[in-house]
Amino acid sequence: MGVRLTGVTRRYPGLVALDAVDLTIDDGEAVAVTGPSGSGKSTVLHLIGGMDRPDEGTVEVDGEELAPRRLDAHRRRIGFVFQRFHLLPALTVLDNVLAPVLPRRVDFDRRARAMELLEAVGLAARADALPSELSGGQQQRVAISRALVNRPGLLLADEPTGNLDSATGREIIDLLLSLRERYGMTLLVTTHDPEVAVSCDRIVRLRDGRVVADEQLTPATDVFDRLGGLRP
Ligand SMILES: Nc1ncnc2c1ncn2[C@@H]1O[C@H](COP(=O)(O)OP(=O)(O)O)[C@@H](O)[C@H]1O
Ligand SMILES: [Mg+2]
């Protein structure tokens with residue numbers, strides 16, 4: 001799923017969080033959004049994820065402008081990963097992965113999908129554990145599985161390594177990149193960590209709500225070739 005922001009401005013009382021931002025992300029790209037604290041990184045993700053609305057400008061995802069009345073349906077098509085995992089402490093690992101599809105009936109296919117995702121992040125053996133029994137890196141892996149349960153075409157990750165040591169953070173970004181290829185998704189990740197940023201295809205740098213640099217690291221044709229085989 002591609003993304004296009006056109007002239008996007010988001011204001012809060014006394015400040016401009018995003019100032020007429022134009023940004024196009026191609027289907028299948030892995031893009032890092034970097035910049036100092038308060039530069040607007042999370043705001044960009046929230047707007048694309050339909051959790052916030054621009055004051056001016058348009059946000060298009062998969063070729064369609066986000067319509068206020070259809071934001072719920074939009075959010076179900078997108079995966080979201082947060083810095084602080086946000087797992088439900090009373091639910092098992094497997095039930096946390098299934099949480100986005102509750103309270104609808106959890107049929108055999110959904111349970112199989114959740115187990116496949118836990119397998120993909122290396123945690124199938126911990127399906128019955130509680131989050132408190134897992135390390136931070138393992139909890140983030142569960143959160144990543146949960147983000148993929150609805151088969152999103154776009155995965156948004158807001159500082160997914162921000163609460164982890166650098167070796168674990170490295171594992172998490174490598175996992176996100178490999179899942180992006182395996183499931184043919186677009187990946188958008190905000191980060192403070194230069195090592196995380198350089199492992200993406202492209203780095204977009206924000207400052208005071210504006211795009212101040214946009215650096216392509218992987219040629220766009222390579223991104224297309226790598227993902228081409230996964231397209232239906
Ligand atoms: N709900 C809010 N109310 C008021 N100001 C906000 C709110 N959310 C974000 N901001 C402000 O908008 C700016 C950009 O925030 P954010 O996108 O969270 O930056 P980043 O993720 O890069 O740290 C900051 O100055 C922040 O304080
Ligand atoms: Mg932020």
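Both ligands and their constituent atoms are indexed starting at 1 by order of listing.
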Any salt bridge between E215 and R202, counting N to O under 4.0 Å?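 No, no charged N to carboxylate O under 4.0 Å.
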Any protein heavy atom lying closer than 4.0 Å to atom 27 (O) of ligand 1?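 Given the 4.0 Å cut-off, atom 27 (O) of ligand 1 does not count as touching protein heavy atoms.
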Hey, does G40 come in under 3.5 Å of ligand 1, counting only N/O atoms on both sides?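 G40 vs ligand 1: N/O contact under 3.5 Å present.
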G38 versus ligand 1: do any nitrogen or oxygen atoms come within less than 3.5 Å of each other?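 Yes: some nitrogen or oxygen of G38 is under 3.5 Å from one in ligand 1.
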Within the distance-only criterion (no hydrogens, no angle test), does the side chain of R146 pair as donor or acceptor with the backbone N or O of F85 below 3.5 angstrom?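 At least one qualifying donor-acceptor pair exists.
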Of all the non-hydrogen atoms in the protein, which one sits nearest to [atom], and at what distance?
atom                    : result
atom 15 (O) of ligand 1 : T43 OG1, 3.8 Å
atom 25 (O) of ligand 1 : L15 CD1, 3.6 Å
atom 11 (C) of ligand 1 : Y12 CD1, 3.9 Å
atom 18 (O) of ligand 1 : S42 CB, 3.7 Å
atom 12 (O) of ligand 1 : A17 CB, 3.4 Å

Minimum heavy-atom separation for T92 to D128, with atom names?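 Nearest pair, atom of T92 first, then D128: CG2-O, 3.8 Å.
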For P100 and N150, work out which heavy atoms get closest and say how close.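 For P100 versus N150, the nearest heavy atoms are CB-ND2, 4.1 Å.
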Before you tell me yes or no, could you show the steps for R76 and D72 under salt bridge (Lys or Arg N to Asp or Glu O under 4.0 Å), namely the whole-Å CA-CA distance, both residues' side-chain angles and the distance that decides it to 0.1 Å? CA-CA 7 Å; R76 280 196 292 276; D72 277 349; 5.5 Å; no
Using a cut-off of 2.8 Å, count how many protein N, O or S atoms are strictly closer to the Mg ion (ligand 2).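 Under the 2.8 Å cut-off, the count stands at 1.
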Check for me whether R110 meets the cation-pi criterion with F108, that is, NZ or CZ under 6.0 Å from the six-membered ring centre and within 45 degrees of the ring axis.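 So R110 doesn't make the cation-pi contact.
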Consider salt bridge (charged side-chain N to carboxylate O under 4.0 Å, His left out). Of R10, R210, R207, which one does D19 pass it with?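 The single option meeting the salt bridge (charged side-chain N to carboxylate O under 4.0 Å, His left out) with D19 is R210.
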Would T9 and D55 count as having a side-chain donor-acceptor pair, cut-off 3.5 Å?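 No, D55 and T9 have no side-chain donor paired with an acceptor closer than 3.5 Å.
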If only side-chain N and O atoms count, and only distance matters, is there a donor-acceptor pair under 3.5 Å linking T190 with D158?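 Yes, because at least one side-chain N or O of D158 sits under 3.5 Å from a partner of the opposite role on T190.
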Between CG of L66 and CG of D52, what distance do you get to the nearest 0.5 Å?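 If we round to the nearest 0.5 Å, L66:CG and D52:CG are 11.0 Å apart.
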Parallel, tilted or perpendicular: rings of F82 and H86 (30°, 60°):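 Perpendicular: the ring planes of H86 and F82 meet at over 60°.
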Under a heavy-atom criterion of less than 4.0 Å, does G209 contact ligand 1?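 No, that is not the case, since the closest heavy atom of the residue is not under 4.0 Å from the ligand.
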Look at ligand 1 and say whether G35 reaches it with a heavy atom at a distance under 4.0 Å.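 No, that is not the case, since the closest heavy atom of the residue is not under 4.0 Å from the ligand.
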Quick one: does ligand 1 sit under 4.0 Å from the side chain of P13, the backbone, both or neither, non-hydrogen atoms only?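 Looking at P13 and ligand 1, no heavy atom falls under 4.0 Å.
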Quick one: does ligand 1 sit under 4.0 Å from the side chain of D158, the backbone, both or neither, non-hydrogen atoms only?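 Neither; nothing of D158 gets under 4.0 Å from ligand 1.
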Going by the atom numbers of ligand 1, which of them fall below 4.0 Å from some non-hydrogen atom of P36?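 With P36 as reference, the close atoms of ligand 1 come out as 22 (O).
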Quick check on R84: does its CZ atom have over 12 non-hydrogen neighbours (other residues, nucleotides or ligands) under 6.0 Å away?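 Open.
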